[in-house]
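Below: the structure, in structure tokens.
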Amino acid sequence: MTLPWIPLLTLLGVLVPLLTERFGRCACTMATAIPVAVALLLTLWQIPPLQAGELPQFALPWIPSLGLELAFRIDGLSLLFALLILGIGLLIILYASFYLSAEEATGRFYAYLMLFMTAMVGIAMADNLLLLWLFWELTSLSSFLLIGFWSHWTDARKGARMALTVTGAGGLALLAGFLLLGDIVGSFDLATVLASSDTIVNDDRYPIMLVLVLLGAFTKSAQFPFHFWLPHAMAAPTPVSAYLHSATMVKAGIFLMARLHPAIGDSMLWTWLVTLTGMATFLYGAWFALLKTDLKAILAFSTVSHLGLITTLLGIGSPMAILAALFHIMNHAAFKGALFMSAGIVDHETGTRELERLGGLRRLMPLTALLTTIAAAAMAGIPLLNGFLSKEMFFAETLDAPLLGGLSWLLPAMATLGGVLSVAYSLRLVYAVFFKTAKHQPPKTPHEPPRMMHAPIMLLVAICIAVGMFPALLATGMLQLASHAVLQEALEFHLAIWHGFNLPLLMSAVAIVAGIVTYVMHRHVRRFARQFASVDARLVFEGMIQSLATAAHVVTRRLENGSLQRYMSWLLGTALLLATLGLLELPELAGNLETQPVDGVLLLGAALMIFGAAGTAVTHRYRLISLLMLSVVGLVVSLTFARFSAPDLALTQLSVEVVTMILLMLALFFLPQKTPRESSARRTIRDLLLAGSLGMVIASLNYAVLTRDISSISDFFIDNSVPGGGGHNVVNVILVDFRGFDTLGEITVLALAGLAIYKLLNRLRLFMPHSDGEGRVWSPDRHPMILTSVSQTLLPLALLVSAFIFLRGHNMPGGGFIAGLISAVALILVYMARGVEWTQSRLDFQYQPVAIGGVAVATLTGLGSLLFGHPFLTSAFGHFHIPMLGDVELATAMLFDLGVYLAVVGATLMILANLGKLTTPHRPRKDAPADDTKETPLSNKEIH
Amino acid sequence: MESLYAVTTGSMSACGLFLILRGRTFPVVVGLTLLSYAVNLFLFSMGGLTTDGAAILDGFANYADPLPQALVLTAIVIGFAMTAFVVILAMRARGDMGNDHVDGRQLDDGREERR
């Protein structure tokens with residue numbers, strides 16, 4: 001159970017610096033180091049079981065349906081990386097405490113660093129491919145934050161963005177690769193994947209999967225041609241460069257390749273791709289490391305080069321090559337970490353990183369000079385240092401590489417060339433900074449930094465020397481565990497400094513001698529190189545991003561230009577396309593059902609509807625006429641429902657029709673009476689075509705459905721309506737009982753719409769016309785006599801009818817919806833006849849509580865069934881004998897229907913009465929002064 | 001009869017859709033209402049067209065399909081709520097923008113832009 005604590009501790013460690021920052025830098029550093037140190041101890045704790053041959057694992061299901069598990073393991077490879085990450089992380093925390101200037105946000109920096117550490121540890125320990133990918137992306141994100149830490153600096157922002165883009169894109173490719181891999185294997189579990197090499201390599205999708213996974217690894221590990229982000233990421237603070245860009249993050253790609261090597265590495269495609277990419281990177285990085293003049297740029301390119309070296313070894317893939325790769329991972333982390341930290345000291349002390357402006361620092365900073373020289377010697381592969389050992393193993397492996405057939409000597413030749421270059425740039429680095437006499441004075445006069453800043457470097461350099469001297473003693477144990485994890489079997493090997501006179505030794509010697517010569521001649525080399533126009537990767541990258549953004553912008557402008565008409569036409573066009581494709585799949589339009597005969601009434605109804613619809617469209621510029629045409633359609637629709645056995649629908653449609661028309665009339669009062677002619681002929685033709693073809697498609701679809709026999713679930717409702725719901729009107733029983741939850745949702749929406757409208761009308765500024773579209777002044781007769789008396793007489797009758805409709809709803813056409821609408825219409829009639837003030841003074845209540853109360857009643861009815869131990873909205877009914885009325889059937893559904901009734905009345909009146917109120921205070925009055933009738937913007941603050 | 005019904009639904013949808021593509025709010029609202037009529041008819045017909053078979057259980061067989069009816073009934077009411085909301089939105093837009101164009105921009109009246 002200690003296993004999950006390792007990433008968890010570092011994750012918790014994200015909070016520590018933020019909480020302790022106010023106690024000062026020293027306390028903050030110490031506090032941050034604690035969880036890391038504990039995690040490091042926990043990791044070391046895993047060594048004994050590992051050596052005993054166990055595999056510590058921990059798994060917790062996360063999203064089982066996706067195959068994602070919170071699964072961790074520690075095998076030798078995880079151990080190697082976890083130790084690197086936590087160990088060097090600890091040193092970096094210490095170092096950064098001195099590196100960052102006093103005013104910089106230490107807490108934030110450490111928090112990012114801990115986040116990154118968590119992600120790296122997660123990658124190293126993940127036992128599930130998807131989990132590994134998650135951590136992988138987390139490293140991209142956290143490294144973005146770290147590289148861009150000095151966010152006020154353009155280079156930092158651009159470098160961070162570039163790193164994120166490249167590694168993020170690689171991460172997406174990796175995800176695709178993992179998904180394919182998981183699909184091939186049938187599991188994302190690491191152990192299963194590692195054991196299925198044969199299945200994977202023989203699958204048809206193997207090449208695609210391999211390329212995708214390698215894209216992820218190559219972008220992360222800065223392999224050619226994706227290397228360019230790494231030098232630009234050097235805009236990060238030096239501790240970050242030392243940590244991310246030498247020891248850990250760039251090794252994540254390497255780690256991935258090593259991790260998956262048993263599963264996907266057993267093919268010629270792997271060998272070719274990985275080896276040649278690695279070799280190209282090795283040479284490319286070394287060449288540019290020699291040419292650069294910025295201290296950190298040299299280190300960055302040399303890192304690229306060394307990553308190439310490791311990649312080459314992983315590509316070759318023989319057991320000894322894997323061993324050499326793992327060994328070099330350790331060694332490189334040690335000497336490159338030391339070099340970066342020294343470079344940070346130099347930068348810190350002199351204020352510059354340009355080789356031209358540095359020199360002669362040996363006298364001012366002797367200790368730094370000594371440490372840097374040793375680390376650089378290790379990098380160059382000088383004997384008795386750790387770099388020498390792994391580099392010689394590399395030379396030996398290139399000699400045995402199963403690649404390039406008759407030209408197989410190319411590989412060792414290139415390796416030697418790379419060795420020559422690395423000796424040259426290492427020499428140049430040390431000599432130019434510390435030994436040659438300075439031409440210019442550096443911006444600051446340097447002196448040795450605080451002792452504690454040297455401590456991490458000393459430790460790393462000590463490791464370089466110790467491992468270089470006693471490799472068998474110090475590195476064998478670790479390498480045995482790690483190689484066992486990668487090779488899946490124990491490997492017999494013996495690390496030694498001296499192997500006798502052999503070809504690798506000769507290659508080393510050639511590299512050292514030729515490297516010194518190259519350095520001596522490096523002015524000529526550099527002059528030669530200057531003839532080639534240098535390409536700034538950042539300009540190229542920014543240019544590509546710019547053109548991508550421009551292209552995206554152009555596409556977006558076409559699709560999304562802020563015009564609703566454009567969106568609608570896209571939407572309708574897409575719907576047309578999809579529906580047409582669906583229709584094309586039908587064998588024939590007509591189904592096998594007998595069609596029913598047409599009679600005159602039907603023909604008349606259809607003709608009326610089509611006439612009304614066409615009229616609405618044709619006269620749309622004359623809005624009132626268009627509206628009247630629409631009302632014709634609405635009425636015939638209601639008759640259609642009545643004709644085809646849907647009395648409830650007919651009643652609902654009829655009453656809604658009345659309310660809608662009143663509403664639209666009211667709204668039209670405030671809107672222009674005519675639509676200006678502004679559509680071009682082309683646009684009109686386009687819209688006609690689009691709407692016409694969609695109409696035809698809809699008609700065809702409808703016909704196809706109508707002539708086919710469709711099995712319906714309605715028999716259930718018909719059979720259970722009386723025994724289960726206690727009602728004979730199946731439609732109403734469905735509404736209030738079977739699908740009561742839906743209805744509850746709908747009345748909630750209704751009430752919400754009412755409330756939203758109420759809010760929208762608040763403080764609405766409107767232009768009041770004082771005349772109609774033809775310029776006729778509104779009639780001064782506010783409340784016509786006939787309407788007034790009729791409405792008042794009608795009101796009680798209408799309310800009585802609605803009560804009747806409501807009560808009989810469960811067994812006959814009717815119910816809460818219809819009753820509510822009838823009541824609403826009756827009340828609206830009074831409003832229209834008498835005006836809002838008159839009515840409001842007599843109906844002294846607000847409609848909002850009515851609507852909300854309706855929803856509440858319905859909800860409470862539903863909740864009531866919970867009290868009796870039934871599910872939400874279970875209805876109960878029974879027969880009761882009531883004096884005077886006789887035997888009456890009562891159902892709780894009735895109560896629910898009451899809620900529906902109240903919600904409908906409340907919402908409808910909330911909408912219409914509030915809208916109506918807008919008109920009232922501004923009507924021209926007989927007794928009012930003339931200026932009241934002017935068109936004035938008004939606000940209706942007085943509406944409550 | 002089925003073909004007549006289908007043609008009616010189709011024509012109503014076409015007219016409604018044409019109005020939805022207009023550039024001023026009121027025709028769009030009218031178009032939406034028209035389209036919702038057509039859609040309701042369409043949905044209603046999914047249960048087939050039954051004559052004299054209202055689903056009031058009285059012992060006869062051959063009832064009309066009650067389920068589409070129940071769904072369409074609520075659709076009609078919700079449709080009203082939405083029409084109301086949109087039309088008030090249109091009024092609000094006119095009040096705030098000074099014109100009733102659907103794009104909600106401050107445009108000069110009567111100017112035709114390429115959209």
Side-chain angles (χ1 to χ4, degrees), chain A residues 563-566 568 595-596 598 606 609-610 613-614 616-617 620 623 626 630 633 637 644-649 652-653 656 660 663 667 670-671 675-676 678 687 691-692 694-695 698-699 702-703 706-707 712 714 717-718 722 728-731 734-735 746 750 753 757 760 764-766 817 911, chain B residues 1-4 6-15 17-24 26-27 30 33-34 37 41-42 45-46 49-50 52-57 63-67 69-70 72-74 76-78 80-81 83-85 87-88 91-92 94-95 100 102-103 110 112 115:
Chain A
S563 159
L564 185 72
Q565 288 171 282
R566 171 73 59 94
M568 284 311 291
T595 54
Q596 302 171 39
V598 181
M609 274 204 273
I610 295 175
T616 314
H620 77 268
R623 294 178 172 182
S626 178
L630 179 71
V633 184
V637 167
F644 293 115
S645 322
D648 289 278
L649 284 190
T652 316
Q653 173 67 38
V656 165
T660 309
L663 171 78
F670 295 104
L671 291 169
T675 309
E678 56 180 5
D687 293 351
L694 261 169
I698 291 172
N702 201 357
Y703 185 72
L706 279 174
T707 50
S712 160
S714 298
F717 297 121
I718 292 174
V722 176
H728 291 268
N729 181 2
V730 188
V731 176
I734 291 177
L735 281 175
E746 313 224 26
L750 193 63
I757 287 168
L760 270 179
L764 173 59
R765 296 168 65 80
L766 284 172
F817 274 115
I911 294 165
Chain B
M1 186 165 76
E2 278 78 6
S3 49
L4 190 65
V7 168
T8 315
T9 324
S11 335
M12 282 165 63
S13 323
C15 295
L17 290 172
F18 177 74
L19 287 177
I20 285 178
L21 289 165
R22 297 302 92 210
R24 299 287 166 156
F26 196 78
V30 170
T33 315
L34 190 54
Y37 290 160
L41 282 178
F42 184 90
S45 72
M46 290 301 107
L49 301 176
T50 315
D52 290 337
I56 311 295
L57 303 180
Y63 294 117
D65 192 338
L67 188 60
Q69 295 192 16
V72 169
L73 197 151
T74 45
I76 293 173
V77 180
I78 291 283
F80 161 69
T83 307
F85 187 73
V87 83
I88 305 291
M91 287 169 56
R92 181 92 213 187
R94 169 128 202 268
D100 66 339
V102 287
D103 293 348
E112 162 78 283
R115 274 180 214 95

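On a predicted model such as this, the values are computed, not experimentally measured, just so you know. In what follows, chains carry the letters A, B, and so on, assigned in the order in which the sequence lines appear, proteins first and then strands, with residues in each chain numbered from 1.
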Looking only at B/Asp65, B/Leu4, B/Leu41, B/Leu21, most heavy-atom pairs under 4.5 Å shared with chain A are made by B/Leu21
With a 4.5 angstrom heavy-atom cut-off, which part of A/Phe817 approaches chain B: side chain, backbone, both or neither?
-> side chain
Heavy-atom pair count under 4.5 Å with chain A, highest-scoring of B/Ile78, B/Asp52, B/Leu73 = B/Leu73
Among A/Gly695, A/Ser712, A/Ser645, A/Ser714, who wins on heavy-atom pairs under 4.5 Å with chain B?
-> A/Ser645
Would you mind reporting whether B/Phe26 and A/Thr675 have side-chain heavy atoms less than 4.5 Å apart?
-> no
Would you indicate whether the side-chain heavy atoms of B/Val30 and A/His620 approach each other to under 4.5 Å?
-> no
Measure the shortest side-chain to side-chain distance between B/Met46 and A/Leu706 over non-hydrogen atoms and say whether it is less than 4.5 angstrom.
-> no
Heaviest contributor of heavy-atom pairs below 4.5 Å to chain A, chosen from B/Thr33, B/Thr83, B/Ile20, B/Val77, is B/Val77
Given B/Tyr37, B/Phe85, B/Phe42, B/Tyr63, the one with more heavy-atom pairs under 4.5 angstrom with chain A than any other is B/Tyr37
Of A/Leu649, A/Val731, A/Ile911, the largest count of non-hydrogen pairs under 4.5 angstrom with chain B goes to A/Leu649
So which part of B/Leu19 gets closer than 4.5 Å to some heavy atom of chain A, the side chain, the backbone, both or neither?
-> side chain
So do the side chains of A/Ile610 and B/Val7 get within less than 4.5 Å of each other, counting heavy atoms only?
-> yes
Chain A shares the most heavy-atom pairs under 4.5 Å, among B/Thr9, B/Leu17, B/Thr74, with B/Thr74
Contact class of A/Leu760 relative to chain B, heavy atoms under 4.5 angstrom | both
Pairs of heavy atoms under 4.5 Å with chain A: top-ranked of B/Leu34, B/Val102, B/Val87 = B/Leu34
State whether the side chain of A/His728 and the backbone N or O of B/Ile56 hold a donor-acceptor pair below 3.5 Å, judged by distance alone.
-> no
Any idea which of A/Val598, A/Thr660, A/Thr707 has the most non-hydrogen atom pairs under 4.5 angstrom with chain B?
-> A/Thr660
Under 3.5 Å donor-acceptor, A/Gln596 side chain and B/Glu2 backbone | no
Which one, A/Leu630, A/Thr595, A/Thr616, leads in non-hydrogen pairs under 4.5 Å with chain B?
-> A/Leu630
Heavy-atom distance under 4.5 Å to chain B: side chain of A/Ile718, backbone, both or neither?
-> both
